[in-house]
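Only one structure is covered here, and it is reproduced in the block below.
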Amino acid sequence: MSGTTPQPTSAPRTRSWWGWGWADAHPDDAECAAMGALIPGTLAHPLPVPRVRDLAVERPAVEPPASLAHLVATGPEERAAHAMGKAYRDVARALRGRPGRIPDLVARPTDEREVADLLDWAGERQVAVVPYGGGSSVSGGVEYRGDAHRAVLSLDLTAMGRVLEVDAVGRAARIQAGTLGPSLEDQLRPHGLTLRHFPQSFEFSTLGGWLATRAGGHYATGRTHIDDFVQSLRVVTPAGTSASWRLPASGAGPSPDRLFLGSEGALGVITEAWVRLQERPTHKASASLAFTHFHAALEAVRAIAQSDLSPANCRLLDAGEAALSGASHDGSAVLVLGFESADGPVTARLGQAVDLARSHGGRRGGADTADTADTDAAVGAWRSAFLRMPYLRDGLARMGAVAETFETAATWDRIPGLIEAVRTEVGQAALKASGHPATVNCRLTHVYPDGAAPYFTVLAAGRPGDEVAFWDDLKAVASDVLHRHRATITHHHAVGRDHRPGYDRQRPDPFALALRAAKGALDPRGILNPGVLVD
């Protein structure tokens, strides 16, 4: 027998059931308290990390048939982890022990046939089916609200996580919908190809989730939404399976794929897609510029967006957002620019963009970082803060603070007034409701020749024990501002249940009539994600 001592194996990381990302990455009590001290009116001590064993998890109201039982989990931990998404209001409810309706069953099908069988059984038993990818929804899209159904089944697609086929000539791949972002890229890497779609939730979201929510990626121009990558979809509905042809383009009537993109599982379950790929970029360059005046920075961004330069990153942070991310501490707005290519150096394009920004008052914020792995201080600070921010939000929630974001898009002529109105009216509403001033910051995440997508961060002291209602009130004020300025209720976070009132006001009435008809035809028993998009 060997005399060596066995080395302990590291335990696999586990997802947080109540908050963002990995359970071991959340701020500890001391960090939570330090953050809370920066916001007047927060709690003296952080709320405890919630535990599943403290929840009242009732016995499942139904049992799966023997033929499907091997796909189904009924344990409290699995069910609680599938009860909500990862919005602030989800985190706040979990912290107060009020997660809402916990699904009775969690099913993980491994192929289309099993998806169809589960839908058939659920339809016969009047069981609501909520499709679930990575669970990163921030608009109430993966939870059940109400009591109209006998039971609730969370349909977790992550067992369907393979790249099935790669067409290297046409640069496309057929991929199962439950494939998580990192796994998708790992499977494409040997082919030298990439989907190049990197939302902030990339690590914890799936291809099917991106498609069902019309997700926006990290890149600021060009192909910003997952829609732009789709060649064809396969979707299982209670009325049958929809399989569109794989085509580079088509003018044959209304697009079948457009019906299901953004449908959030209310019309069918997306099971796989052919998506367009690209060669992996090997040339990169980035820079940051500071602006004394935010409106001048807006003009600089518009000029860059209306040029043919197509930066991969063109993210404008107002002074508050720049300070929050560590990109600037002198009251300046900061523009983060980045270019990349698989074909050749991009330093010339970066230089042209920098010159455009300088012509509107921009000042270089760091050294050039062309075609190297280095970044200047502002770019690096922003990137680190971007990835860490959801964890910090949850830490602030433990202090009773409201720390949440929302986004929109509007045409350039409306952008300045929209941003000012949101800052003013949401700030005033928070002060009136809590007695403490709120911070409302803004950044532009995506830019187009005809408009931009402002992304707002709200930091405020909540009402102890009533944080969810407080945030809902602020969100209602924000939604009214967006409606008045004809800005969309969401640019890339989906409608879900939280944005439903704003969506109902935004969409044309004839389209709503057609959507309800499609819902009735494809889901006649009304089991698919009830309450999303249509009743």
Side chains of H493 and E407, donor plus acceptor under 3.5 Å: yes

Ionic contact status for R196 with E340, cut-off 4.0 Å: yes

Interatomic spacing from CD in Q278 to CZ in F229 - rounded to 0.5 Å: 5.5 Å

Pair D466 + R96: basic N to acidic O under 4.0 Å: no

Any donor-acceptor pair under 3.5 Å from T424 side chain to E420 backbone: yes

Side-chain donor or acceptor of E143 paired with backbone N/O of G100 under 3.5 Å: no

Exercise: identify the closest heavy-atom pair between F291 and H360: CE2-O, 3.8 Å

R484 and D480 ion-paired at < 4.0 Å: no

Test: R463 and D473 ion pair at under 4.0 Å: yes

Salt bridge present between D535 and R516 (N-O < 4.0 angstrom): no

Matching residue for V301 among I415, L356, L335 - test: side-chain contact (heavy atoms from CB on, under 4.5 Å): L335

CG/D330: more than 12 non-hydrogen atoms of other groups inside 6.0 Å: yes

Pairwise distance CD1(I39) to OG(S434) - rounded to 0.5 angstrom: 11.0 Å

Side-chain donor or acceptor of R393 paired with backbone N/O of R388 under 3.5 Å: no

Which atom of V334 lies closest to which atom of A327, heavy atoms considered: CG2-O, 4.0 Å

Close side-chain approach of L459 to L38, heavy-atom, < 4.5 Å: no

Test item: side-chain donor near acceptor, Q506 and T488, under 3.5 Å: yes

W412 vs Q306 side-chain heavy atoms within contact, under 4.5 Å: yes

Side-chain donor-acceptor contact under 3.5 Å, E321 with S325: no

Minimum-distance pair of heavy atoms, taken over all atoms of T213 and A494: CB-CB, 3.6 Å

Under 3.5 Å: donor-acceptor pair, side chain of K519, backbone of L267: no

Where V481 and A421 come nearest, the two heavy atoms and their spacing: CG1-CB, 3.7 Å

Donor + acceptor pair across side chains of T405, Y455 (<3.5 Å): yes

Polar side-chain atom of D90 near backbone of A87 as donor-acceptor pair, under 3.5 Å: yes

Distance-only polar pair, side chains of E185 and T194, donor-acceptor under 3.5 Å: yes

Spacing of L261 atom CG and I270 atom CD1 [to the nearest 0.5 Å]: 6.5 Å

Aromatic plane relationship, H446 with H491 - under 30° parallel, 30 to 60° tilted, over 60° perpendicular: tilted

Least distance between heavy atoms, A410 atom then L418 atom: CB-CD2, 4.0 Å

Salt-bridge present (R89, D472; N to O < 4.0 Å): yes

Nearest-0.5 Å distance, OH of residue Y132 to CG of residue N529: 12.5 Å

Any donor-acceptor N or O pair under 3.5 Å, side chains T292, R363: yes

Crowding at CZ, R486 (>12 non-hydrogen neighbours, <6.0 Å): no

Any donor-acceptor N/O pair, D394 side chain to V91 backbone, under 3.5 Å: no

Heavy-atom check, side chain of L195 versus side chain of I226, under 4.5 Å: yes

Side-chain (T224) to main-chain (A220) donor-acceptor, under 3.5 angstrom: no

W210-H492 aromatic ring centre distance below 6.0 Å: no

Any donor-acceptor N or O pair under 3.5 Å, side chains W22, S16: no

Side-chain heavy atoms of P390 within contact of K86, under 4.5 Å: no

Under 3.5 Å: donor-acceptor pair, side chain of S136, backbone of S205: no

Partner residues of V354 under the side chain to side chain contact (heavy atoms under 4.5 Å, CB included) criterion, sequence neighbours left out: A287, L289, L337, L350, R358, R364

Reported OG-to-CZ distance for the pair S310 and R223, which is rounded to 0.5 angstrom: 11.5 Å

Under 3.5 Å donor-acceptor, R497 side chain and L533 backbone: no

Rounded distance (nearest 0.5 Å) linking atom OG of S328 with atom CG of L317: 9.0 Å

Residues D228, R276: salt bridge by 4.0 Å N-O rule: no

Under 3.5 Å side-chain donor-acceptor pair for D257 and S255: no

Presence of salt bridge, K475 and E404, under 4.0 angstrom: no

Under 3.5 Å: donor-acceptor pair, side chain of R98, backbone of R93: no

For S479 against R505, the heavy-atom pair lying closest together: O-NH2, 3.6 Å

Ring-ring centroid check W20 F204, cutoff 6.0 Å: yes

Salt bridge (Lys or Arg N to Asp or Glu O under 4.0 Å) against R101, all qualifying residues, sequence neighbours excluded: D104

